[in-house]
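Every value quoted in this text rests on a predicted model; they were computed, and no experiment measured them. Order of the sequence lines sets the chain letters (A, B, ...), proteins ahead of strands, with each chain counted from 1. Computation of the quantities below employed the complete heavy-atom set of this structure, encompassing side-chain atoms and omitting hydrogens, waters and symmetry-equivalent molecules.
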Amino acid sequence: MPPASAEDRYRKIYAVVARIPRGRVATYGQVAVYAGLPGRARLVGTALRNLPDGSSLPWHRVLNAQGQISSRGGIGYEEGLQRHLLEQESVSFDARGRIDLERFAWDPETRPRRPRKTHRARK
DNA sequence: ATGCTGACTATGT
DNA sequence: TACATAGCCAGCA
């Protein structure tokens, strides 16, 4: 099988992002794997970067492996937007601005459900 | 072709 | 936990 064209790769990435359920999040690496592009987490970031503003894709549900919102570096971008969109769907951040992936990570194998409460002691 | 950049990550201190 | 590094590779000048 010849290598996928850039267009196909983007399309696959967008298709995966579109499947992330409300109230759940996925990491760049995770999206890459499900898109059949293991190891290309950076490409996922690039694809989302190229996303037009009015897109209906739930791009805000994609985070880095640390459970944090990745910086765009660009001036003018409000990191608060992504956080706000997530909080609106009940995804909560801890005091350090990170999301508990144990609770909110998307698992495509399981059916959408409400995140379990965290009664687990944290370290 | 070549070199640099980066919405990334795993690993080592 | 927080940085630093190295590997990564598509996009772009």
For B:dC8 and A:Thr27 - does any side-chain N or O of the residue sit under 4.0 Å from the phosphate oxygens OP1/OP2? no
Assess whether side chain to side chain contact (heavy atoms under 4.5 Å, CB included) is satisfied between A:Trp59 and A:Gln82, documenting all intermediate values. CA-CA 9 Å; A:Trp59 56 269; A:Gln82 181 165 9; 4.0 Å; yes
Polar pair under 3.5 Å, donor/acceptor by atom type, side chain A:Arg72, base B:dA7: yes
To the nearest angstrom, the CD1-C1' distance between A:Ile13 and C:dC9 comes to 12 Å
Candidate nucleotides C:dC8, B:dA7, C:dG11, ranked by approach to the side chain of A:Thr46 - the nearest: C:dG11
May I ask you to decide whether A:Arg61 forms a salt bridge with A:Glu89, counting only side-chain N to carboxylate O separations under 4.0 Å? yes
Between CG of A:Leu101 and C1' of B:dC8 the distance, given in whole Å, is 14 Å
Is the phosphate of C:dA10, meaning OP1 or OP2, less than 4.0 Å from a side-chain N or O of A:Arg9? no
Nearest-Å distance for atom pair CD/P, residues A:Gln66 and C:dC3: 12 Å
Can you see if the side chain of A:Tyr28 gets near the phosphate of C:dA10 - specifically, an N or O under 4.0 Å from OP1 or OP2? no
Whole-Å gap separating P (C:dA2) and CZ (A:Arg96): 5 Å
Among C:dC8, B:dT9, B:dA7, which nucleotide sits nearest the side chain of A:Asn64? B:dT9
Considering every strand and a 4.0 Å limit on heavy-atom distances, what is the contact class for A:Leu48: base, sugar-phosphate, or nothing? base
For a salt bridge (Lys or Arg N to Asp or Glu O under 4.0 Å) check, start with the C-alpha distance between A:Arg11 and A:Glu7, then their side-chain angles and the critical distance, and finish with the verdict. CA-CA 6 Å; A:Arg11 193 166 46 68; A:Glu7 214 171 279; over 6 Å; no
Rounding to a whole Å, what distance do you find between A:Leu43:CG and C:dC12:C1'? 14 Å
Atom CG of A:Leu63 and atom C1' of B:dT9: how far apart are they, to the nearest Å? 14 Å
Does any N or O in the side chain of A:Thr46 come within less than 3.5 Å of the main-chain N or O of A:Arg42, such that one atom is a donor and the other an acceptor? yes
Taking for each residue the nucleotide of DNA chain C with the nearest heavy atom, is it A:Ala6 or A:Arg98 whose nucleotide lies nearer the 5' end? A:Arg98
Report the residue (A:Gly39 or A:Asn50) whose heavy-atom-nearest nucleotide on DNA chain C is the more 5′ of the two. A:Gly39
Looking only at side-chain atoms of A:Ala41, point me to the closest of B:dT9, B:dA7, C:dG11. B:dT9
When rounded to whole Å, the CG to P distance for the pair A:Leu37 and C:dC9 reads 12 Å
I need the CG-C1' distance between A:Asp100 and C:dT1, as an integer number of Å. 16 Å
Please evaluate residues A:Tyr34 and A:Trp106 with respect to the criterion ring-ring contact (aromatic ring centres under 6.0 Å, His included), reporting the C-alpha separation (whole Å), side-chain torsions for both, the decisive distance (0.1 Å), and the verdict. CA-CA 11 Å; A:Tyr34 295 146; A:Trp106 170 46; 5.6 Å; yes
